[in-house]
Each structure stands twice: as C-alpha cells, then as structure tokens.
Amino acid sequence: MGAKFELCIRPLDLGQTLGCGQTFRWSQRPNGTWSGPLLDNCLVLTMKGGTLHAKAVPGNRDVKNDLRIHLRAQDDVSKIQKVLAEDKVIAKGLRSMRGLRIVKIDEWEALASFVLATYANIPRIVKMINAISREYGREIVGDVFSFPTRAELSEASVHNLAKLGLGYRAKYLHELCRAVDEDELRHLKKLGYEELREELKELPGVGDKVADCVSLFGFGKLEAFPIDVWMERALSRLYGQKGSYAKLREFAASSFGPYAGYAQEYIYLNERAYASAGACRFTSGR
DNA sequence: GCCCAGGAGTGTG
DNA sequence: CACACTCATGGG
C-alpha cells in the first residue's frame with residue numbers, strides 16, 4: 001500500500017509554497033518534510049537535490065498528476081518573476097521567495113476554506129478546517145482526514161458547525177452548502193475571471209476578497225489579486241495606493257496584469273515579514 | 001485583559 | 001459611491 005514518485009518542478013520551495021497561507025492543510029514535520037491530505041491521498045513531500053520526492057498513502061488514482069496540478073507545474077515561474085521584477089518593490093522582496101509557487105486547490109475546498117478564513121488569523125483558520133475535516137470528512141490514514149465534500153458537509157447543522165469554533169461563519173458555511181451544487185461548480189469552471197468573480201460574489205459569505213482568493217487558488221485565475229488587511233497596508237506603504245477595493249484592484253490589474261496573483265503573494269509575504277521584523281525590534285528594545 | 005484577524009452583510013448619508 | 005456598524009471567537 002502506498003506509492004512513491006518524483007517530480008521535477010522548478011523553482012520550488014516547499015515551505016514558501018505550502019506554509020505561506022494560500023493553503024491551510026499542509027504541515028511541516030521536524031525533519032523538514034511536509035505532509036498533508038491532497039484530495040483522497042495523504043502525501044509526504046521532501047526535496048532532495050532540487051527534485052521533489054513524494055510518498056502517497058494509499059496511492060489512489062493518479063496522485064502524481066494531482067500533485068502536479070496542485071503545484072501548478074505548468075507555470076513558468078522564472079519567467080513570471082522576471083516580468084514582475086520590472087516593479088522595483090517586487091524585485092527587492094522577490095529575492096527571498098524564489099521558490100514560491102501559487103497552488104491550485106480543489107474548487108469546493110477553496111470556496112469553503114476562504115469563507116471560513118474571513119476575519120480570522122491563520123492558526124485559527126487551520127484549526128477550523130481541521131475540525132470540519134475530522135468531523136465530516138473521511139479518514140485517509142490515521143488521524144489525517146480529507147476535506148469534506150459539499151455533500152458530506154451539507155449534513156452538518158449550523159449548531160454543530162458553531163460548536164467546532166467557526167463562530168458566525170457557521171451560518172455562511174451552512175448556507176454555502178445549499179447555494180452550491182455540482183452543476184454550479186461545473187458551470188463556474190467554464191467562466192473567465194471577471195464573470196467568475198461576479199458569480200462567486202452572489203454566494204453567501206463571499207465578497208470581493210474571498211471571490212478573488214477563490215478565483216486565484218481554487219479556479220487558477222492568475223490575474224486575481226486578493227486584497228485583505230495586510231495587502232491594504234502594503235499597497236499604502238509601498239505604493240501610496242489607498243481607497244476602495246475596486247480602486248486598488250484596478251491599480252493591481254494595470255500594474256501586474258496576468259500575473260497579479262503572484263505579485264499579490266510577493267507583496268503580501270513582504271508585508272508580513274516587515275510587520276514581524278518591526279514587532280521583533282519593538283520587543284527586543286526592552 | 002487587550003488587540004487583532006487573508007471580511008461580509010446590512011443599513012445609512 | 002462612501003462610510004459605519006455588527007457579527008462570534010480564538011490566537012498572540
């Protein structure tokens with residue numbers, strides 16, 4: 001039982017890619033490997049000499065291709081970085097993030113995950129997602145659970161979801177299960193970015209920011225540019241850009257075009273690093 | 001204890 | 001269009 005395989009995807013840094021808050025289900029082990037559920041397999045990933053080595057349990061279906069899709073092996077990340085580095089702000093921050101890749105998450109998982117992600121910090125988001133997976137998903141191997149399907153999750157009552165620590169998000173998630181079905185997801189996959197985000201925004205718990213996260217990470221729209229509180233601060237601090245979501249979104253589209261999603265990730269991580277460096281200075285000043 | 005969190009929904013000016 | 005307010009709760 002289980003499967004082993006290798007993939008040559010470059011550039012790739014597992015920590016930068018899986019631990020940066022675009023996906024919530026991977027965790028780093030003490031020995032530097034990364035593990036987590038991907039659809040109906042549990043994977044353990046490690047880098048050896050620039051090559052990705054993977055172990056999959058139980059090794060269902062075409063897990064190798066699932067991982068290739070998840071890590072967006074088709075992206076020419078070096079070229080994207082080269083284009084985006086024309087922006088001096090990004091060029092500077094980029095140096096420490098060469099191995100970051102945008103991931104492609106299952107559409108339903110992305111939708112449900114980012115509805116839960118509203119107004120919560122990342123450790124809490126991870127906790128909520130683990131809780132609903134444990135309660136309503138299927139056990140893949142010991143203590144690793146798949147993300148619950150829409151059908152599985154629609155069995156949950158608002159009350160039981162709230163008990164898992166979702167707060168007011170319990171109601172959104174419950175309504176989302178009823179507002180979306182497989183036909184709707186199939187329909188959404190056919191849409192271009194602008195149409196997609198407008199239709200996503202019709203769903204309960206989905207506003208501008210969640211629609212962009214789901215477009216980017218769930219539907220693979222690299223031109224999407226999610227703007228959360230961190231991005232607002234970064235755009236103000238680094239570019240002097242302030243104003244409504246629509247205005248900031250327009251700035252991003254004109255500045256970063258088809259690779260706005262990658263630009264967003266570089267700027268977002270840059271801002272978080274800046275904040276934690278500032279906090280460190282502050283606390284160490286005694 | 002306090003502040004904040006990868007915001008959205010609703011109502012008002 | 002822009003704001004203001006509320007929502008429920010855990011993490012740092």
Side-chain angles (χ1 to χ4, degrees), chain A residues 16-27 93 97 100 102-103 105 109-132 157-177 179-180 197-219 221 224-238 241-250 252 260-284:
Chain A
Q16 289 171 14
T17 300
L18 303 177
C20 71
Q22 47 175 343
T23 168
F24 304 104
R25 304 227 61 198
W26 294 92
S27 55
M97 299 181 243
L100 169 76
I102 298 287
V103 297
I105 305 169
E109 180 173 341
L111 188 51
S113 294
F114 282 99
V115 164
L116 293 184
T118 61
Y119 210 49
N121 56 27
I122 291 178
R124 187 177 175 189
I125 298 166
V126 170
K127 201 169 179 181
M128 288 189 281
I129 290 175
N130 285 338
I132 64 170
S157 67
V158 177
H159 176 70
N160 286 338
L161 289 173
K163 278 199 305 187
L164 297 177
L166 307 200
Y168 64 84
R169 304 165 194 83
K171 196 176 109 187
Y172 290 154
L173 188 57
H174 187 262
E175 290 174 358
L176 188 66
C177 288
V180 176
R197 88 183 288 281
E198 287 311 307
E199 291 209 21
L200 287 172
K201 281 173 64 174
E202 298 296 315
L203 298 173
V206 181
D208 281 315
K209 188 268 177 180
V210 171
D212 279 327
C213 281
V214 175
S215 295
L216 177 58
F217 303 121
F219 288 82
K221 307 299 186 189
F225 188 85
I227 303 165
D228 64 351
V229 293
W230 294 94
M231 286 300 294
E232 249 177 60
R233 288 196 283 262
L235 291 174
S236 172
R237 182 173 71 85
L238 299 169
Q241 292 290 324
K242 309 172 190 184
S244 66
Y245 197 100
K247 185 185 169 188
L248 296 176
R249 188 169 165 266
E250 197 171 330
Y262 271 92
Q264 182 271 164
E265 209 61 31
Y266 298 136
I267 295 168
Y268 170 78
L269 293 172
N270 193 356
E271 186 64 18
R272 296 200 64 136
Y274 175 80
S276 59
C280 185
R281 268 200 310 280
F282 182 75
T283 54
S284 66

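Quick caveat: nothing in here was measured; it's all calculated off a predicted structure. Proteins come first, then strands; the chains are lettered A, B, ... in the order of their sequence lines, and each starts at number 1. Hydrogens, waters and symmetry mates are skipped; everything else that's a heavy atom, side chains included, is used.
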Classify the nucleic acid contact of [X] as base, sugar-phosphate or nothing, counting any heavy atom under 4.0 Å across all strands shown.
{"X": "A/F114", "result": "nothing"}
{"X": "A/G205", "result": "sugar-phosphate"}
{"X": "A/E265", "result": "base"}
{"X": "A/L164", "result": "nothing"}
{"X": "A/K127", "result": "sugar-phosphate"}
{"X": "A/V210", "result": "sugar-phosphate"}
{"X": "A/P123", "result": "sugar-phosphate"}

Hey, does the side-chain of A/Y168 have a donor or acceptor N/O within less than 3.5 Å of a partner on the base of C/dA8? no

How about A/F225 and A/Y262: are their ring centroids closer than 6.0 Å?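 No, too far apart.
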
Please tell me whether A/F114 and A/F217 form a close aromatic pair, meaning their ring centres lie under 6.0 Å apart. yes

Residue met sooner reading DNA chain B from 5', once A/Y245 and A/R233 are mapped to nucleotides: A/R233

Donor-acceptor check, side chain of A/E265 to backbone of A/L100, threshold 3.5 angstrom: yes or no? no

Just how far, in rounded Å, is [atom2] of [N] from [atom1] of [X]?
{"X": "A/L116", "N": "C/dG10", "atom1": "CG", "atom2": "C1'", "value": "14 Å"}
{"X": "A/R169", "N": "B/dG7", "atom1": "CZ", "atom2": "C1'", "value": "9 Å"}
{"X": "A/L161", "N": "C/dG10", "atom1": "CG", "atom2": "P", "value": "15 Å"}
{"X": "A/D212", "N": "B/dA8", "atom1": "CG", "atom2": "C1'", "value": "14 Å"}
{"X": "A/E175", "N": "B/dG9", "atom1": "CD", "atom2": "P", "value": "9 Å"}
{"X": "A/L173", "N": "B/dA8", "atom1": "CG", "atom2": "P", "value": "15 Å"}

As a test of reading the structure: which of C/dC7, B/dA8, C/dG11 is closest to the side chain of A/N121, going by heavy atoms?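 Closest of the options to the side chain of A/N121: C/dG11.
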
Nearest-neighbour nucleotide for the A/Y172 side chain, C/dG10, B/dA8, C/dA2 considered: B/dA8

salt_bridge(A/D212, A/K221) N-O dist < 4.0 Å: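 Salt bridge between A/D212 and A/K221, a charged N being under 4.0 Å from a carboxylate O: no.
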
Nearest 0.5 Å, what's the OH-CZ distance between A/Y274 and A/R233? 11.0 Å

Whole-Å P distance, B/dA8 and C/dG11: 22 Å

Could you measure between the two P atoms, the one in B/dG9 and the one in C/dG10, and give it in whole Å? 23 Å

Under 4.0 Å: is that the gap between some side-chain N or O of A/T118 and OP1 or OP2 of B/dA8? no

Does B/dA5 have OP1 or OP2 under 4.0 Å away from a side-chain N or O of A/R272?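 The answer is no; no side-chain N or O of A/R272 sits under 4.0 Å from OP1 or OP2.
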
